Amino acid sequence: MSDRRLPPALAAAVAERAQPSDLGAAAALLSAGYRANRPSRQAVPDAAGVAAYAASRMPATYAAVTAALDRLDAARPDFAPQSLLDLGAGPGTASWAAASRWPSVAAVTMVEGSADFRALAVELASAGPPAIRDADIRSGDISRSSGLPDGRFDLAVVAYALTELDLAAAESLVAALVGRADRIVIVEPGTPRDHGRLMAVRQAALARGARILAPCPHAGPCPLSDGDWCHTSVRVERSRVHKRLKGGTVPFEDERYAYLVLESPGAVVAGHGDGGRILRPPRAFKHEIVFALCRPDGSLGEARVPSRDRAAFKAAGKLGWGDLLPEDLSS
Ligand SMILES: C[S@@+](CC[C@H](N)C(=O)[O-])C[C@H]1O[C@@H](n2cnc3c(N)ncnc32)[C@H](O)[C@@H]1O
């Protein structure tokens, strides 16, 4: 598992630009705007807004992207991407996460619609490793096919940005990425709305021949009933600036996110046997651990690992919400 905290150089660059006395109003506008599902152009309308975003949201979006990249790494341990496309890049969060995750990343292209976000991405990049420092940070509208750069990429990431497009544009974008990027990682807020939209986007990708690497262990319809949604959570340490901007004293927050990891047809593949995706925090009792599962055959189910099977019980105790249950623990 990779470190889910911002790399020290990035954390320092963010803290330098975030003087809470200047950013309180911008941080309040941002929180209220995102809570009301407003797009960044309204919630984060200016330079103070993007600085507040970097201090208050970037640690959480970085952690969620890193966790999703870990899922890709678990499914394809040999993957070592060189070229990276980051769409709706904001301050460059996903690019930093991917470059930290895979030192092989050598060429980064960020596409971002907001001039204020691009300016911050450029400033922060100057503190980054060579691939980030040399990134091509360009203006573009990812809701139009003309907004996609030419060429083929090893990895494309769309983090917390599909949620700002209308659904038809989100579906077209992901369909256009299939075949243009070997692997595609999409991260969204962990809400029922975004889960529903991700399932529509998933269908569009499947129709283009994509394979799902995570979280779904199957390509059938989502078996969750209406009102339920597939998401998971990552714990994020809160910095002093973050606590002052967002209030409260708790030293961490839990970021709930939904995600999809896709693979384009033609990407090199090795099989992975699994017993299903763990849909909720496991319930651990003295005599057994109980897992709620989405199974490879497309059904929902439960697996119980009894404590009398000591090796299995120990292995099961290390698994968490969102992990894959190994096949030998799933019976
Ligand atoms: C919530 S921010 C996420 C930023 C970054 N990916 C992250 O995870 O921290 C959404 C970003 O998508 C950008 N965005 C939204 N719609 C866009 C569009 N049609 N074209 C380009 N960028 C867009 C916004 O300007 C904003 O920077």
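Position 1 is the first residue of the sequence; numbering continues from there. Every number for a ligand or one of its atoms is a count from 1 in the order of the listing. What you are looking at is a predicted structure, and each value in this text was computed from that prediction instead of being measured.
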When you look at CZ of R180, are more than 12 heavy atoms from neighbouring residues, nucleotides or ligands closer to it than 6.0 Å?
yes
The single option from R118, R133, R17 passing salt bridge (charged side-chain N to carboxylate O under 4.0 Å, His left out) against E123
R17
Could you measure the distance from the CZ atom of R308 to the CD atom of E288? Nearest 0.5 Å is fine.
9.0 Å
For the atom pair NZ (K318) and CD1 (I289), what is the distance rounded to the nearest 0.5 Å?
11.0 Å
Would you call the rings of Y259 and Y257 parallel, tilted or perpendicular if under 30° counts as parallel and over 60° as perpendicular?
tilted
Would you tabulate the polar-atom pairs, meaning N/O of ligand 1 against N/O of the protein, with distances under 3.5 Å, reported to 0.1 Å?
unit_1: ligand 1; atom_1: 6 (N); unit_2: G88; atom_2: O; d: 2.8
unit_1: ligand 1; atom_1: 6 (N); unit_2: A159; atom_2: O; d: 2.9
unit_1: ligand 1; atom_1: 8 (O); unit_2: A159; atom_2: O; d: 3.4
unit_1: ligand 1; atom_1: 9 (O); unit_2: Y53; atom_2: OH; d: 2.6
unit_1: ligand 1; atom_1: 9 (O); unit_2: T61; atom_2: OG1; d: 2.9
unit_1: ligand 1; atom_1: 9 (O); unit_2: T93; atom_2: OG1; d: 2.7
unit_1: ligand 1; atom_1: 19 (N); unit_2: D141; atom_2: OD1; d: 2.8
unit_1: ligand 1; atom_1: 20 (N); unit_2: G140; atom_2: O; d: 3.4
unit_1: ligand 1; atom_1: 20 (N); unit_2: I142; atom_2: N; d: 2.9
unit_1: ligand 1; atom_1: 22 (N); unit_2: G113; atom_2: N; d: 3.1
unit_1: ligand 1; atom_1: 25 (O); unit_2: E112; atom_2: OE2; d: 2.6
unit_1: ligand 1; atom_1: 27 (O); unit_2: E112; atom_2: OE1; d: 2.7
unit_1: ligand 1; atom_1: 27 (O); unit_2: E112; atom_2: OE2; d: 3.1

Scan side-chain atoms only and decide if Y160 and T93 contain a donor-acceptor pair under the 3.5 Å cut-off.
no
